[in-house]
Protein chains: 2
Amino acid sequence: MKRLLLVTAAAVAAFSPAVAQDRGSVNRIIDEGTNHSQVMVTAQHLTDVIGPRMTNSPAMRRAEDWTAGKFREWGLKNVHKEGFEFGRGWSIERASVRMVTPRPLALTAIPIAWTPATNGAVTAPVIVAPMKRERDFDQWRGKLNGKIVMVTLPGTGDEPGNPPFRRLSGEDLGKLDVFVQPTNDPETADRRLKRLDFAKKLDAFLKAEGAVAYVTQSYRDGKLLHGEGYLFGRGETPQVPGVELAAEDYRRLARLAKSGTAPTIEVLSDVRYDDTDINAYNIIAEIPGTDPKAGYVMAGAHLDSWVAGDGAADNAAGSAMIMEAARILAATGQRPRRTIRFALWSGEEQGILGSMAYVEKHLATRGRPDDAPQTGLRRYYGWTQRWPVTPLPGYGDLAAYFNIDNGSGKLRGLYAENNPAAVPTLREWLAPYAGMGAGTVALRPTGGTDHVFMQAIGVQGFQFIQDPLDYGSRIHHSSADTFDHLKAEDMRQASIVLAGVLLGAANADKALPRPPLPTQPVVTDPFAYTDDDD
Amino acid sequence: MKRLLLVTAAAVAAFSPAVAQDRGSVNRIIDEGTNHSQVMVTAQHLTDVIGPRMTNSPAMRRAEDWTAGKFREWGLKNVHKEGFEFGRGWSIERASVRMVTPRPLALTAIPIAWTPATNGAVTAPVIVAPMKRERDFDQWRGKLNGKIVMVTLPGTGDEPGNPPFRRLSGEDLGKLDVFVQPTNDPETADRRLKRLDFAKKLDAFLKAEGAVAYVTQSYRDGKLLHGEGYLFGRGETPQVPGVELAAEDYRRLARLAKSGTAPTIEVLSDVRYDDTDINAYNIIAEIPGTDPKAGYVMAGAHLDSWVAGDGAADNAAGSAMIMEAARILAATGQRPRRTIRFALWSGEEQGILGSMAYVEKHLATRGRPDDAPQTGLRRYYGWTQRWPVTPLPGYGDLAAYFNIDNGSGKLRGLYAENNPAAVPTLREWLAPYAGMGAGTVALRPTGGTDHVFMQAIGVQGFQFIQDPLDYGSRIHHSSADTFDHLKAEDMRQASIVLAGVLLGAANADKALPRPPLPTQPVVTDPFAYTDDDD
């Protein structure tokens, strides 16, 4: 009995009935997520078998059906699709680019997303005509007829001095624990919105000038490709075929053009549009809660991808973790207090449009109802510029949202996203998984993926800290984003931690403290002048 | 006059007449190599315009003519080609590989050097049949008919934890200054010789089994290709077309084959043989010496390359440095005591065969005259196993050989190649260029390029220490070995230092101390057992 005297306040908390119940679940979750893991099987099907999942492409349709079917097979409830207007489907059937003169050479190339087909191979001399703003057109007017136009200013070879593959040290994690004041320069935002239209203007200019096709330079060295493009809306499809070339191949053409006769190249881009359904679909699935008044917690990852690789680290990895966490919680028979909702988003790569649609349908709207419809990345940049934020009836139901979109690296904890009040609770949920390396809560906010529009309306959306591996250095959006760069041990750990955190949040006594409803734009430096070339 | 009292022995040496003369040349060399540099123009022509220079290919023939012409244009003397029997020319006209089922996908691929064409596109299912020794054939006999055979054991994704691009620190340089005892295990050498025949046996097996083509996996991740192959001799041309696939693409096929129906792929390999002339040619040029009895010094780099990239860092860079050093010395009107000879080697990538031929023609022969002729890498591995070494009349004339074959990084000094007696003299020759970062002399021996067979017969061949840049991590032999990964400032520095060292060696009062003539094989561990899988 003497040992009771040693029980501290912390120990009492650790053995409280609610926590003890959770701790019992932890071991079942770990067993299911290790000894019975399906996460790599799921990821392999999404990447190798289905392949890259461009929003509204035939492959994405297959992925939507397959993932919904898996959720049902695993016993998830209320599995359904939620559609939102997106635009055209687009996929690559066959593509190749070759230098014909001065010597035959296969070039590494990919069609730029949503550009049209070439209708067989077209062969023409190149012209290096770098253009990145409308005023650049003047220099090239009258010179592009019958040419394949190289529109990127050729760069020079990079000198990568950091290790491509890395894991976060304790010191790295410590640096993430900082509050960062929000910033917003309305002039910069306005200019970005205007600049978004440049791709359309360039296409119209090239068409008017009689260009045969255009070529861009990959932004990564080492023969990697990406192929991003954003003219996916109905009525904004470009008229001139475009291909991205590996940096090495682009710069070789540019040097040859500068040092002698411009090379002739052959471009074949056999791409297909699919207008069967202009709606994109988020996939939703649930583990119902026992308390109908307690609201819900949610985790999401985007299922769509670019098409240069197989969309493995970005983001079949996150999608498979979400699905695996759902499977683990269902297979271990969890009956959480709050509903746990799982979301596989679409349209993320074209402006975080799937989770934006979810927010607008379930949580809050922005701007006046008569706002003109917006398309493409304009919609993405413009959304947070529209006021006021108007909560919908379901606004208060979402107790916490967790996002995964940083590759296949193990979870190292959570970004508290500038919400210091949430830190102690997040830390508690992560505590059982600290021994797996996931115990950190860091205050820093993050952006660029599906939690941002929840944050923008004052809903507590979080993102996991992940070991970066080689995601940023060579995998993200690249032709090397394939299944073999996913790490199985990391993927299993992440699925377990995600399941555990979701269960902790679903069973928590009270919801996380919310930030106040945003009521006006942040303006941090109203007196600043900004460079037009920003 | 009092200041004379402070003159030390070292200072006397520094102001000796011979050294003072050299110091005057240094500034002219630097001026010519910076303000009038041609090295990048030379390198750009070799890479962009001529392209990759596979030994005996049409492009290598153009490179042979163009470099000899440049030497003549710059005033070099005795410019000529020295031929040696090599084998067939081979070049790629067009090549592509696509996955046809389960989904259309362009795969990143290159024909394996010296394999035959497919005669149009061939389409067949793959089979994963890893084979690396003859006994592996048993498992696959009767199963390969009509198949495209994947012969590499699929690997897993790499985790590159070192910076791809780096320069040598003082600490790095210090670690190179070590004597390394030579090693040789005759059993291992014998096994390697036997294993060299495996490519031929695999080809015969695949042909006999009715395989349509075979596929190997790239040894680097990140979509890089290489395409090496060694069956270039007359009468040993393979019968089955072979292609190397990017690791990501190979492993995807392998996983699909293991998890479901084997994918079908389409292989097009339009390659051409050229048997116009089975001889390869080294290009030789000279600046004649003023003392006909003083012998000569020589610098060399191999002009030939693999064909996945443009053979830029390996070794248009070294070739351009050799040519630029020759141009600098000619343009500055040097009249050295010893002849300075420049060599652009051929056949280096297939077994250091060009410099081997030079050695056999000018310096020493190995083995008995009735030794059976040997081909391919067998010749490379076998050459140093043949005894005795028999000096030719010109054996004593070569006072020093300097080799460049470590990419485009600046010269940091010289490897003394286990020759401690040479260190003080090498250091003296480098001294004027210490401020350019080239002052180090490190004892460590190096291998794998055109100085090794000179060392093997007791002639003092040295190699320069170079900043590694990204040569080893992603450029060496890869599809990213293009001009834009060469560094202009480094290339200029290297040309200047090379010119200066050559002039120092050509004007030195006495030749460098030679190692003794090798008279028997090194056997370092006669009692060792070796693993058959070594």
Side-chain angles (χ1 to χ4, degrees), chain A residues 41 44-45 47-51 59 91-96 98 102-106 108-110 154-166 221-225 246-249 251-253 255-256 259-260 309-310 469-470 473-475 478-487, chain B residues 41 44-45 47-52 59 91-96 98 102-106 108 110 154-166 221-225 246-249 251-253 255-256 259-260 309-310 469-470 473-475 478-487:
Chain A
V41 175
Q44 195 263 346
H45 191 90
T47 53
D48 288 344
V49 179
I50 293 177
S91 59
I92 302 170
E93 181 68 19
R94 180 194 279 256
S96 65
R98 295 173 68 236
R103 56 185 171 97
L105 182 64
T108 301
I110 186 172
T156 53
D158 68 352
E159 302 183 5
N162 294 315
F165 186 98
R166 69 190 187 93
D221 274 14
K223 302 285 276 186
L224 293 175
L225 294 171
E248 284 81 1
D249 290 329
R251 294 189 294 236
R252 184 198 294 106
L253 291 176
R255 286 190 303 273
L256 285 169
S259 65
D310 289 337
L469 311 186
D470 48 357
S473 64
R474 61 177 185 170
I475 303 296
S478 91
S479 44
D481 187 9
T482 50
F483 175 86
D484 44 350
H485 291 290
L486 306 184
K487 299 295 168 185
Chain B
V41 175
Q44 195 264 344
H45 191 90
T47 53
D48 288 343
V49 179
I50 293 176
S91 59
I92 302 171
E93 181 68 20
R94 181 193 278 256
S96 65
R98 295 172 68 237
R103 56 186 171 97
L105 182 64
T108 302
I110 186 171
T156 52
D158 68 352
E159 301 183 5
N162 294 316
F165 187 98
R166 69 189 187 93
D221 274 14
K223 303 285 276 185
L224 293 176
L225 294 171
E248 285 81 3
D249 289 329
R251 294 189 293 236
R252 184 198 295 104
L253 291 176
R255 287 190 303 272
L256 284 169
S259 65
D310 289 337
L469 310 186
D470 48 357
S473 64
R474 60 177 186 172
I475 303 296
S478 91
S479 45
D481 187 10
T482 51
F483 176 86
D484 44 350
H485 291 289
L486 306 184
K487 301 296 168 185

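Chain identifiers are assigned alphabetically (A, B, ...) following the order of the sequence lines, protein sequences preceding nucleic acid strands; residue numbering begins at 1 within each chain. A quick note: this is a predicted structure, and the numbers were derived from the prediction, not measured. In what follows, every heavy atom counts, from backbone to side chain, and hydrogens, waters and symmetry copies are set aside.
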Among [options], which has the most heavy-atom pairs under 4.5 Å with chain A?
options                                   : answer
Ser478(B), Ala95(B), Gly161(B), Ser96(B)  : Gly161(B)
Ser479(B), Gly309(B), Gly51(B), Pro163(B) : Pro163(B)
Lys223(B), Arg94(B), Glu93(B)             : Arg94(B)
Asp158(B), Ile110(B), Ile475(B)           : Asp158(B)
Pro104(B), Pro164(B), Ala480(B)           : Pro164(B)
Ala247(B), Gly155(B), Ser259(B)           : Ser259(B)

How long is the gap from [atom1] on [X] to [atom2] on [Y], to the nearest 0.5 Å?
X         : Y         : atom1 : atom2 : value
Glu248(B) : Leu253(B) : CD    : CG    : 12.0 Å
Asp481(B) : Thr47(B)  : CG    : OG1   : 9.0 Å
His45(A)  : Arg255(B) : NE2   : CZ    : 13.5 Å
Leu486(A) : Thr156(B) : CG    : OG1   : 12.5 Å

Residue, of [options], that accumulates the most heavy atom pairs under 4.5 Å with chain B:
options                                  : result
Val49(A), Ile50(A), Asp310(A), Asp221(A) : Asp310(A)
Ala59(A), Gly157(A), Pro160(A)           : Pro160(A)
Arg103(A), Arg251(A), Arg166(A)          : Arg103(A)
Ala106(A), Gly222(A), Pro154(A)          : Gly222(A)

So which part of [X] gets closer than 4.5 Å to some heavy atom of chain B, the side chain, the backbone, both or neither?
X        : answer
Gln44(A) : side chain
Arg98(A) : side chain
Asp48(A) : both
Ser91(A) : neither

Closest non-hydrogen atom pair between Ala246(B) and Leu225(B), with its separation
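Shortest heavy-atom separation between Ala246(B) and Leu225(B) comes out as N-CD2, 3.4 Å.
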
